[in-house]
Novice: 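My questions will all concern the structure given below.
Just so it is clear: chains get the letters A, B, ... in the order the sequence lines come, proteins before strands, and each one is counted from 1. What you see below is based on every heavy atom in this structure, not just the backbone, and it leaves out hydrogens, waters and symmetry mates.
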Amino acid sequence: MVKHQRHYWLMKSEPHCFSIDDLAAEPNQTACWDGVRNYQARNFLRDAIKVGDGVLFYHSNIAKPAIVGVAEVTRAGYPDHTALDPNGDHFDPRASEDNPIWYMVDVRFLAKLPVPLTRDFLAEHPVLATMDVLRKGNRLSVQPVTEVQWQAVLQVAGLSDPFVTGGA
DNA sequence: GCCAACGTTGGC
DNA sequence: GCCAACGTTGGC
């Protein structure tokens with residue numbers, strides 16, 4: 001029997017818009033990751049991200065951008081209905097029920113890192129220095145993370161891997 | 001606030 | 001299909 005291979009992702013958010021604390025405060029600590037309007041990120045949301053995948057929550061566009069928490073995917077890609085709302089910030093007149101164009105996933109809060117992992121810190125770490133998010137000019141708001149990077153984040157944060165339950 | 005990097009748009 | 005102009009992202 002073949003089990004789904006868990007994948008890992010980094011998702012950016014501007015904390016004054018939606019922060020890790022906002023996610024933790026949501027009902028069921030779960031929110032839909034809406035408003036992504038970039039095709040490459042859309043493709044990840046629509047095609048690649050699956051229930052159970054791990055998410056590194058990254059705060060962007062602040063003085064000290066950093067990975068601040070971890071979350072998990074609780075619903076795979078489905079149409080982002082905010083594209084259909086003409087009064088919303090994420091309205092896209094080209095989108096329709098039949099052709100949603102944009103997709104989102106649901107993510108649930110797992111943990112806040114005891115200390116945010118800043119870019120400066122990441123850049124000094126032998127494994128984490130390779131993360132896509134550090135690449136100059138990388139604007140992708142949803143990007144893949146390797147399992148090695150995922151485990152390194154948890155290790156340096158002093159957290160146990162939430163997907164490893166006892167044993168092993 | 002600056003500006004480099006990038007994605008998108010639209011004229012041709 | 002090319003590419004210049006433009007808008008946005010996001011670190012600094």
Novice: Quickly work out the A:H59 NE2 to C:dG11 P distance and round it to whole Å.
Specialist: 12 Å

Novice: C:dG11 P sits how many Å from A:L140 CG, rounded?
Specialist: 13 Å

Novice: Could you give the CG-to-C1' distance, from A:D120 to C:dC12, as a whole number of Å?
Specialist: 11 Å

Novice: Expressed in angstrom and rounded to an integer, what is the separation of A:N138 atom CG from B:dA4 atom P?
Specialist: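 In whole Å, B:dA4 P lies 18 Å from A:N138 CG.
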
Novice: Report the relative orientation of the aromatic rings in A:F18 and A:W33; use parallel for angles under 30°, tilted for 30 to 60°, perpendicular for over 60°.
Specialist: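 Perpendicular.
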
Novice: Quick check against the 3.5 Å criterion: does A:N138 have a side-chain atom that pairs as donor or acceptor with the backbone of A:D132?
Specialist: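 Present.
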
Novice: Go through C:dG10, B:dG7, C:dG11 for me and flag the one nearest to the A:E14 side chain.
Specialist: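 Among the listed nucleotides, the one closest to the side chain of A:E14 is C:dG10.
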
Novice: Given atom CG of A:L10 and atom P of C:dG10, what is their separation to the nearest angstrom?
Specialist: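 Value for this atom pair: 11 Å.
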
Novice: I'd like to know if the side chain of A:H7 and the backbone of A:Q5 have a donor-acceptor N/O pair within less than 3.5 Å.
Specialist: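 Such a contact is found between A:H7 side chain and A:Q5 backbone.
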
Novice: With respect to the side chain of A:R94, which nucleotide from B:dT9, B:dA5, C:dG10 is positioned closest?
Specialist: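 Between B:dT9, B:dA5, C:dG10, the one nearest the side chain of A:R94 would be B:dT9.
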
Novice: For C:dC12, does OP1 or OP2 lie under 4.0 Å from any side-chain N or O of A:R119?
Specialist: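 Indeed, a polar side-chain atom of A:R119 lies that close.
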
Novice: If I take atom CZ in residue A:R42 and atom P in nucleotide B:dT8, what distance separates them, rounded to the nearest angstrom?
Specialist: 10 Å

Novice: Between A:D80 and A:R42, does any NZ, NE, NH1 or NH2 come within less than 4.0 Å of an OD or OE carboxylate oxygen?
Specialist: no

Novice: What is the separation between atom CG on A:D132 and atom P on C:dT9, rounded to the nearest whole Å?
Specialist: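 Atom CG in A:D132 sits about 19 Å away from atom P in C:dT9.
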
Novice: Check the angle between the aromatic planes of A:H59 and A:F57 and answer parallel, tilted or perpendicular using the 30° and 60° thresholds.
Specialist: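 Correct class here is perpendicular.
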
Novice: Within the structure, does a side-chain N or O atom of A:Y58 lie under 4.0 Å from either OP1 or OP2 of C:dG11?
Specialist: yes

Novice: Choosing from C:dG10, B:dA4, C:dT8, which nucleotide comes nearest the side chain of A:K136?
Specialist: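 Nearest nucleotide to the side chain: B:dA4.
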
Novice: Nearest of B:dC6, B:dT8, C:dG11 to any side-chain atom of A:N61?
Specialist: C:dG11

Novice: CG of A:N38 versus P of C:dG7: gap in Å, rounded?
Specialist: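 Result: 18 Å.
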
